[in-house]
Amino acid sequence: MAKYKLSDLTLDEKLHLLSGKDNWSLSDAGGKLPSVFLADGPHGMRIYNKDGSVRPATAMPTLSAIGSTFNRRLAYLSGNTIADECIEEGAGVLLAPGVNTRRSPLNGRNFEYFSEDPFLSGELGASFIEGVQEKGIGTSLKHYCANLREYDRFYQGADIDERALREIYLEAFRGALRSKPWTVMCSFTPINGIYASENRYLLKDILRDEFGFDGVVISDWGAVHNIYKSVKAGLDLTMPYHPDNYKNLKDAYDRGLLRDEEIDFCVQNLLTLCERTENDKKVITTKKEERHENAVAIAKEAAVLLKNEDRILPLTSGRVLISGSFIRRPPTGGGGSSFVETPYVQRPLDALLNEKGGATYEMPIGQPLDSSGRMPIGLRNLYSAAYGKDAVVLCVGEDNKIEGEGFDRTSIRLNPQTEQMILDVARINPNVVVLLYAGSAIDMSAWIDKVKAVLFVGYLGEGVNEALASILSGEVSPSGKLTESFPLCLEDNCAGRELGNGYTEAFREGIFVGYRYYDKFEKEVLFPFGHGLSYAELVYSNLRVEKQSETEYTVTYDIENRSDFDAMEASQVYVSDVFSMVERPPKELKGFSKDLIPAHGKKTVSVTLTPRAFAYYNTSLHAWHIENGIFKIMVGASSRDIRLAADIEINLPDETQYSVYFSH
Ligand code: BGC
């Protein structure tokens with residue numbers, strides 16, 4: 001028996017319920033309902049105090065960093081940890097995670113999204129949601145959909161063809177919806193001419209009828225332009241509160257533009273949310289220190305070793321110079337509503353490294369980069385200290401002033417002074433190691449050949465320094481992999497130099513986004529999707545592809561560790577339709593696994609391929625479709641480092657013509 005019923009509410013109470021009580025909570029219908037409180041995420045809980053300050057919380061690695069772990073368990077752990085803080089603070093729903101498919105490295109919010117690959121984003125999104133909701137706290141899957149540019153974000157449109165919409169932009173949402181988030185947040189974006197908040201096709205036909213979503217659709221903050229149109233299209237809750245919302249709804253109702261059934265549909269969804277938030281699962285299981293430890297554990301698997309010439313890393317002996325203000329004040333996340341104010345006091349990276357023993361670390365006198373990590377100060381000290389050292393570690397990159405909500409980057413290169421500094425140090429000392437902090441691709445063409453190693457740090461949350469100390473010292477072998485291809489230059493990306501135009505952006509590349517694009521047009525990249533080195537030597541062998549049914553396969557292979565380092569490895573399974581009636585990407589990620597391969601040990605890895613792995617969206621059928629024929633199954637350490645491959649042939653019976661298709 002439902003506890004909260006439509007029949008208990010007056011029309012006025014219902015209309016108020018559709019438009020929130022304030023910035024962060026739902027109306028309580030005059031005390032008849034609990035007032036559900038919404039907290040921002042996804043990189044930790046963000047709640048404002050009455051005076052506008054933000055409550056302290058654990059800063060977890062960003063979703064971009066969690067993506068790099070390729071580890072479902074860690075996505076779950078992050079959600080689970082944040083949920084404990086939501087329970088403590090009385091929040092009912094965490095406004096997270098975001099699963100938009102990254103298209104351009106310029107997007108200022110790429111760090112809030114897992115990947116350029118929708119399968120990976122959907123899988124990790126699903127695990128994150130599970131981690132939160134297992135603790136009785138709701139999630140909000142966002143930003144549905146195609147929120148891919150911050151420039152003029154309330155109005156800038158996206159024109160997307162049907163196949164790209166399905167295969168690239170909706171697919172990550174479909175994947176994550178498996179974990180049944182209690183809410184979905186619509187994006188600001190007008191998609192094919194209709195605002196997401198008024199887009200009945202997206203909100204009802206696809207989200208509810210096809211994907212089976214049974215929760216509340218919330219607007220992004222300020223995404224509603226005409227509330228009655230939104231309610232009619234299937235938007236249940238307009239946020240934040242504004243007195244005009246009620247007035248406009250009432251007016252539309254009085255004029256006969258809004259029917260009782262349409263109002264009741266949304267109100268019923270909100271009543272269900274109220275019931276869901278009242279549960280007995282809200283038990284805090286972590287202490288503050290454990291939450292920090294969880295942040296560190298995730299960070300340890302998220303840093304990506306891009307280059308390691310002469311195996312210069314780990315640094316186990318000698319005198320090392322380490323430089324950059326990020327040593328003391330590392331960026332923990334990008335800017336905007338996901339930024340977490342952590343009370344954790346960073347321990348400087350050089351101090352942590354010196355505690356590990358082995359190499360000894362010194363900092364140059366003065367600090368050669370200012371607090372933003374960008375403007376050089378006292379470079380002469382840096383250059384003279386670099387001379388004769390066994391290695392120099394340079395901490396450079398971006399922060400929440402360069403990457404954040406409401407603005408995009410205009411370049412993917414480091415600023416010219418930083419590039420010059422790297423080159424100058426590399427002239428003085430041949431053993432330069434760059435620690436690169438950023439939330440999306442960086443063009444390193446100016447200096448990559450001059451340095452020995454690059455560790456892509458990303459934004460690792462408050463555990464960043466501890467994680468880096470473990471990796472640089474060799475205690476932990478890096479195991480992060482890129483979830484976004486790093487192009488040679490911005491122009492090479494599928495969206496090119498496009499910066500947004502305030503009207504609409506045509507996604508002309510269609511389904512060829514990220515590695516699908518670079519592969520299709522045979523473009524060299526700086527570092528491919530899925531790339532990330534290990535200290536260990538990992539050998540893949542013994543591929544077996546076992547047929548479970550005509551469209552289901554178990555892919556099994558061995559990974560052997562021929563080194564003294566215990567190592568985690570993110571192995572990737574790609575599928576290619578060898579002969580197809582339509583254009584398809586040369587390969588697509590359809591499975592992955594993250595496994596511990598102990599030093600001198602071996603692990604047998606198993607990945608399941610479901611019918612989805614072979615299907616594409618057919619625009620004649622308006623449905624997913626599997627075409628009979630040969631498919632190549634490829635197992636790789638990255639999208640361009642395929643280690644094992646085998647062919648299978650799908651032969652569906654005549655009764656299904658030459659193929660099967662399914663609607664969702
Ligand atoms: C952001 C959302 C966020 C909301 C509430 C919006 O501007 O796009 O991601 O959850 O604000 O802070």
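Residue numbers run from 1 in the order of the sequence given. Counting convention: from 1, in listed order, for ligands and their atoms alike.
Within a 6.0 Å sphere centred on OH of Tyr155, heavy atoms belonging to other residues, nucleotides or ligands number 12 at most.
To the nearest 0.5 Å, the span separating CD1 on Ile160 from CG on Asn192 amounts to 6.0 Å.
The main-chain N or O of Phe339 is found under 3.5 Å from a side-chain atom of Arg46 such that the two form a donor-acceptor pair. Between the Asn110 side chain and the Ser104 main chain, a donor and an acceptor come within less than 3.5 Å of each other.
Judged as a side chain to side chain contact (heavy atoms under 4.5 Å, CB included), and not counting sequence neighbours, the contacts of Asn501 are Gln156, Tyr503.
For ligand 1, the 4.0 Å heavy-atom shell takes in Trp24, Asp40, Leu95, Arg109, Lys142, His143, Arg153, Met185, Phe188, Asp220, Trp221, Ser337, Glu405, ordered by chain and residue number.
Looking at Arg291, Lys287, His292, Glu293 one by one, the single match for side-chain contact (heavy atoms from CB on, under 4.5 Å) with Glu289 turns out to be Lys287.
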